[in-house]
Amino acid sequence: MTESVRSKPWHACPELVARWLADFIIGQMRQLRPNYAVPEQFSGIALNRDDADIDSIELIDVASALYVALDAEASGSLDATPIGRSFASWCAFVEYAAARTELLSFYTSGSTGKPRRVEHRLCDLDAEIRDFLPQLCAGGVTPLRIVTVMPSQHLYGFLFGVLLPAQLNLPVLALQGQAPAVVRAQLQTGDILIAHPKFWVAALEPDAAFTPAKPRWPTPMLGISSGQALPDEIFAQAQLQQMRMLEIYGATETAGVAWRDAPGPMTLMSRYIFADAGRSEITQLVDCYHRGRAVAFPDQLQRTAEGRLHVLARHDRVVQVAGVNVHLEHVERTIRALTGIAAVRVDIDADTKRLSAWLVSDVLDEAGLRRQLHAQLSSAELPARWQFVGVLPANVSWK
């Protein structure tokens, strides 16, 4: 495959622009209205009409967020391409603005409030995919199609569900929100499947009926995951089912940092190098795309003797629940603010992967606590299990 011949900018691919824009509108609308009903398709509809279910005020808010995401004012795109009411006119605006901007904005999960905007240079994101192509095309997989369950307004979904197919000029099958069995039934040999850890845990759970002679997945194919660490058994199941699995470590703020295709330490991507090769405990890495800029990480990182990377615990007590970053201290502060709560400790249950709470409290009404917290905490932040105790345990564990 000759990348230089096949590659083209993502904004020159109308189908990628339309999918990115649709995902962007949906993401913004769900911030404005959590119960927003997504239309079957945006193509051909007029925004601010009944078929799109977006009113005029919401439309202004979404358009403003789009201008910011594309840095439209700085690039002069606002004056040159007035945005219209139809989805097609919005696509034309994105194509024009993206071709003239150096920056694209992405948003953190917003688990502790309003999502935070993070800017990335498009040249850096393109370089990251280009530098990582040898790993994507290794292991006997010749990429023929990209299949994704990730929304493309998220950085990970954009890198591998938009820039990757643009660089390889490959078709994309978007199956966001589909169950693993439904996704698996539509896969073909040569697919690269972009998904999140929760999807892979469900998709690769042990199956007594499975035999290596009759794999459940087309072969060869490649799976890619990013988010919380994949359990070792998922790598084992992927290998047993004749699938190569790549796990990406990174964040909205950093883009991709390191990767692995088996349990154990990770290999740094081309973008990052160790700041001090002589130390095993790592507090920052050097970003080679930005002239040696030092980047600090919220995770405890450890360098191996072979120059690879172990990702340990978070410094700031951030965990992932259902693919969402949750700040435990924020949840604890919110619960402590309730009347009658003397002390609280929140942590993630290793078995259920949901939050558990220990409370020193005169209030023993769990249902009442849930009702009070429902408006203040997201579903990922709301503890699934409660324990009322006289003294908080030093090390919390349900075992």
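The figures that follow rest on heavy atoms only: side chains count, while hydrogens, waters and symmetry mates do not.
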(message) More than 12 heavy atoms of other residues, nucleotides or ligands under 6.0 Å from NE2 of His374: yes or no?
(response) no
(request) Evaluate the side-chain proximity of Pro165 to Leu16: yes if any heavy-atom separation is below 4.5 Å, no if none is. (result) yes
(request) Could you check whether the rings of Phe24 and Trp20 sit parallel, tilted or perpendicular, using 30° and 60° as the cut-offs? (result) parallel
(request) Grab the two heavy atoms, one from Leu159 and one from Ile129, that are nearest each other, plus how far apart they are. (result) O-CD1, 3.3 Å
(message) Please determine whether side-chain contact (heavy atoms from CB on, under 4.5 Å) holds for the pair Leu309 and Trp259, giving the CA-CA distance in whole Å, both sets of side-chain angles, and the decisive distance to 0.1 Å.
(response) CA-CA 9 Å; Leu309 185 71; Trp259 64 275; over 6 Å; no
(message) Give me the atom names and distance for the closest heavy-atom approach of Val201 to Ile234.
(response) CA-CD1, 3.7 Å
(request) State whether a side-chain donor-acceptor pair under 3.5 Å links Gln237 with Gln241. (result) yes
(request) Spell out, as yes or no, whether a donor-acceptor pair under 3.5 Å connects the side chain of Arg216 to the backbone of Ala203. (result) yes
(request) Evaluate the side-chain proximity of Ile146 to Asp191: yes if any heavy-atom separation is below 4.5 Å, no if none is. (result) no
(request) Count the heavy atoms of every other residue, nucleotide or ligand shown that sit under 6.0 Å from CD of Gln239, and state whether that count exceeds 12. (result) no
(message) I'd like to know if Arg121 and Glu102 make a salt bridge, using a cut-off of under 4.0 Å between side-chain N and carboxylate O.
(response) no
(message) Looking only at the side chains, is there a donor atom on one of Arg100 and Ser77 sitting less than 3.5 Å from an acceptor on the other?
(response) no
(message) Is it the case that the side chain of Gln167 and the backbone of Lys8 share a donor-acceptor pair, with hydrogens and angles ignored and the cut-off at 3.5 Å?
(response) no
(request) Measure the shortest side-chain to side-chain distance between Val17 and Glu95 over non-hydrogen atoms and say whether it is less than 4.5 angstrom. (result) yes
(message) Side chains of His154 and Asp23: any donor to acceptor distance under 3.5 Å?
(response) no
(request) Return yes if some donor-acceptor pair links the side-chain N/O of His290 with the main-chain N/O of Arg293 below 3.5 Å, else return no. (result) no
(request) Ignoring hydrogens and angles, tell me if any N or O in the side chain of Thr189 forms a donor-acceptor pair with the backbone of Thr219 under 3.5 Å. (result) yes
(message) Could you check whether Asp287 pairs with Arg271 (Lys NZ or Arg NE/NH1/NH2 to Asp/Glu carboxylate O, under 4.0 Å)?
(response) yes
(request) Would you please indicate if the ring centroids of Phe93 and Tyr67 are separated by under 6.0 Å? (result) yes
(request) Would you mind telling me which of Glu306, Arg308, Gln302 makes a side chain to side chain donor-acceptor pair (under 3.5 Å) with Thr304? (result) Glu306
(request) Indicate yes or no: does Glu119 engage Arg117 in a salt bridge with an N to O separation below 4.0 Å. (result) yes
(request) Flag the pair Ile192 / Val147 as yes when at least one side-chain heavy-atom distance between them is below 4.5 Å, and no otherwise. (result) no
(request) Using modelled atom types only, decide if a donor and an acceptor are shared between the side chain of Thr254 and the backbone of Gly250 within a distance under 3.5 Å. (result) no
(message) Do the side chains of Glu15 and Arg19 get close enough for a salt bridge, i.e. N-O under 4.0 angstrom?
(response) no
(message) Has Glu247 got a side-chain atom pairing as donor or acceptor with Asp261's backbone, closer than 3.5 angstrom?
(response) no
(request) Find out whether Thr148 and Phe160 are in side-chain contact, i.e. whether some heavy atom of one side chain is under 4.5 Å from a heavy atom of the other. (result) no
(message) Hydrophobic clusters here meaning ILVMFWY residues chained together by side-chain heavy-atom distances under 4.5 Å, can you tell me if Phe158 and Tyr289 are in one?
(response) no
(message) Is the shortest side-chain heavy-atom distance between His120 and Leu103 below 4.5 Å?
(response) no
(message) Quick one: does any side-chain atom of Arg244 pair with a main-chain N or O of Pro220 as donor and acceptor, under 3.5 Å?
(response) no
(message) Do Ile26 and Gln28 make a side-chain contact, defined as non-hydrogen atoms from C-beta onward lying under 4.5 Å apart?
(response) no
(request) Please confirm whether Trp358 and Trp386 have ring centers closer than 6.0 angstrom. (result) no
(message) Do Val38 and Leu32 sit in one hydrophobic cluster, given that two such residues count as connected whenever their side-chain heavy atoms are within less than 4.5 Å of each other, even indirectly?
(response) yes
(request) Answer yes when Asp349 and Arg354 have at least one side-chain N-carboxylate O distance shorter than 4.0 Å, and no when they do not. (result) no
(message) Would you say that Ile341 contacts Leu369 through its side chain, given a criterion of any heavy-atom pair below 4.5 Å between the two side chains?
(response) yes
(request) Give a yes or no answer on whether the side chain of Trp200 reaches the backbone of Ile224 with a donor-acceptor pair at less than 3.5 Å. (result) yes
